[in-house]
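Only one structure is covered here, and it is reproduced in the block below.
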There are 2 protein chains.
Amino acid sequence: MMRQSTAPRQQYDAAIRRLTALAPLEAPDISALQAAIGQARVVPARRELLQEGRAIPEPLLIVEGWAARVRILIDGRRQFLSFLLPGEMVGLCRHGQPLAVSTVVALTDMTVARVPDCAPDSALAESLAVSIALEEAYLLAQIARLGRLNAQERIGDLLLELHERLSLSQIATGGSFEVPLTQEVLADAVGLTPVHVNRMIQLLRREGLLAWKGRRVSLRAEETLARMVGRSPVRVVGQTAVPSAA
Amino acid sequence: MMRQSTAPRQQYDAAIRRLTALAPLEAPDISALQAAIGQARVVPARRELLQEGRAIPEPLLIVEGWAARVRILIDGRRQFLSFLLPGEMVGLCRHGQPLAVSTVVALTDMTVARVPDCAPDSALAESLAVSIALEEAYLLAQIARLGRLNAQERIGDLLLELHERLSLSQIATGGSFEVPLTQEVLADAVGLTPVHVNRMIQLLRREGLLAWKGRRVSLRAEETLARMVGRSPVRVVGQTAVPSAA
DNA sequence: CGCTGTCTTGAAACATCTCAACCTAGGTGG
DNA sequence: CCACCTAGGTTGAGATGTTTCAAGACAGCG
């Protein structure tokens, strides 16, 4: 519970780094963000931030930790629709009386802040709009992944995407990053069985494409892996959204 | 080619009926829409309306015909990400210099109109916002479908969704509607093989849940089918978006 | 130390794919 | 008007990928 509040200040900047990467923010926007983040609150793992079909209380900015959009079928089958990472938004929506179209659950302990109000044509507004566009792009990628990739490709492709997204906030550097995912959660994200996910990860390991120890994932031969699953980076604006770091 | 221009005027109203169902439009909005529709242009089947990674020229309203968002993998595998039906929008996006995140291709000959400009708090703006929210909901439904439903369920669920969406514009009535889909296209939408789609459709037929002759689909025992695939209607605003018709 | 959750392994069952052939209806050109 | 041609639908048999179930190993934590 208290863990978050003792985290180094530096870590709280991931969200700002991401939003600045999406549209170059100026001082006023940044201080508004910092103010909002200063009042961030903690959400424990497994807590639901939004419930499908219920009203959306207020849009949130993820400062730290992971969440996921999830759908549970009546017979208990579970599908994670998307992951939500630091610097990304929960429940941004712009029509009146909005209902959540999916439940959102915290995968880890999280820190979340209110999204500050901003003028319609500010850089922050642009950044949020790009963020929304990216979110849609990630949903489309998830559809193609589930529809047309085989088990190994799905896992490789998802890990590449997570790396790309974490690179935006510079949480991931040089092909290595922390994922708070059990193989069971991963299975429910890529539409497979935990057992089969396990076997495919081992296969990727044996092929030297992946190291996964504890929560740390390292992508070896990122290029090879990307070519193997036929993946190209997600873009929604003129320049590539991913900084050329690494 | 000329077919569209000789279609009964009535048919052109489907788009307006849908938008009115999403938010009650007043006279000025409706006449703006009618003006835009009056200047609609025809797009032949197979033509691309948007290309992934290229700039979005202008948002379009589908007046008649079907389109689909599609992604093609380097090795030729194809995945339809979503279908776009009359009354729905193509390329609505609100950040500067937007790039299309997916290619959009006409599945049939189509009629498309410009989306009229509207005041930020007009009923039309609200209707468009709800339409965007619905589009997201449909993407999420597609993810759950591909990730956690088996072949038969995927097909049943998709047909139920199409029926629900076509009901919004009152194109579908009483469980029966026209789909301009070959089994091959359907296969690429539900992530299966055409051969397997064929077998599953026959299975649904034998079970008395479905009649499919030519382009006309009739859902029998809609309730049973919905229960079988564990489906509930998509909602993004306070009331159910689907008129209680039939 | 003994839980408990997570990862790992094996063997058999099952769902879906592949390939190849055939059928049918509609449209076109001779 | 027929003969062909094509796109789409249908069928069968075997191969493959993924799931299921059940059991064991491992690690972190109270």
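The sequence lines fix the lettering, A, B, ..., with proteins before strands; numbering per chain opens at 1.
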Could you list by number each residue of residues 140-151 of chain A showing a heavy-atom separation from DNA chain C of less than 4.0 Å, or answer none if no residue does?
none
Any side-chain to backbone donor/acceptor pair from A:Trp66 onto A:Ala68? Under 3.5 Å, distance only.
no
Report the residues that fulfil salt bridge (charged side-chain N to carboxylate O under 4.0 Å, His left out) with B:Arg205, sequence neighbours left out, ordered by chain and then residue number.
none
Who pairs with A:Glu153 by salt bridge (charged side-chain N to carboxylate O under 4.0 Å, His left out), at least two apart in sequence or on another chain?
B:Arg77
Would the distance check show the side chain of A:Gln142 and the main-chain N or O of A:Ala189 forming a donor-acceptor pair, the cut-off being under 3.5 Å?
yes
Can you measure B:Gln152 atom CD to C:dT16 atom P for me and round it to whole angstrom units?
9 Å
Show the numbers, then the answer: is there a salt bridge (Lys or Arg N to Asp or Glu O under 4.0 Å) between A:Glu178 and A:Arg215?
CA-CA 5 Å; A:Glu178 303 271 326; A:Arg215 337 202 94 178; 5.8 Å; no
Would you mind listing every salt bridge (Lys or Arg N to Asp or Glu O under 4.0 Å) that reaches into residues 43-54 of chain B, with sequence neighbours excluded?
B:Glu52-B:Arg71
Donor-acceptor contacts, no H, no angles, side chain residues 220-232 of chain A, under 3.5 Å, sequence neighbours left out:
from	atom 1	to	atom 2	distance (Å)
A:Glu222	OE2	A:His163	ND1	3.3
A:Arg231	NE	A:Asp157	OD1	2.8
A:Arg231	NH1	A:Glu164	OE1	2.8

Geometric cation-pi criterion, B:Arg165 with B:Tyr138: 6.0 Å, 45°
yes
Distance under 4.0 Å to a non-hydrogen atom of chain B counts as contact; along DNA chain D, which nucleotides mark the start and end?
D:dG8 to D:dA13
Tell me which residues in residues 186-208 of chain A lie within less than 4.0 Å of DNA chain C, going by non-hydrogen atoms.
A:Val195, A:Asn198, A:Arg199, A:Gln202, A:Arg205
Looking at A:Thr182 and A:Val185, would you say the former's side chain and the latter's main chain have a donor-acceptor pair under 3.5 Å?
yes
Can the positive tip of B:Arg69 be found less than 6.0 Å from the middle of the six-membered ring of B:Phe80, inside 45° of the ring normal?
no
Salt bridge (charged side-chain N to carboxylate O under 4.0 Å, His left out) involving A:Arg154 - partner list, sequence neighbours excluded
none
So does B:Leu85 get a backbone contact from the side chain of B:Glu88, meaning a donor-acceptor N/O pair under 3.5 Å?
yes
Would you say A:Arg17's side chain and A:Ser169's backbone share a donor-acceptor pair under 3.5 angstrom?
yes
For A:Arg78, give me all partners under salt bridge (charged side-chain N to carboxylate O under 4.0 Å, His left out), at least two apart in sequence or on another chain.
A:Asp188
Inter- and intrachain pairs under salt bridge (Lys or Arg N to Asp or Glu O under 4.0 Å), touching residues 190-203 of chain B, at least two apart:
none
Find the bend of the helix from C:dC1-D:dG30 to C:dG30-D:dC1 as the angle between its two terminal axes (five pairs each), to the nearest 10°.
30°
Nucleic acid contacts of residues 71-86 of chain B, taken as heavy-atom distances under 4.0 Å to DNA chain D
none
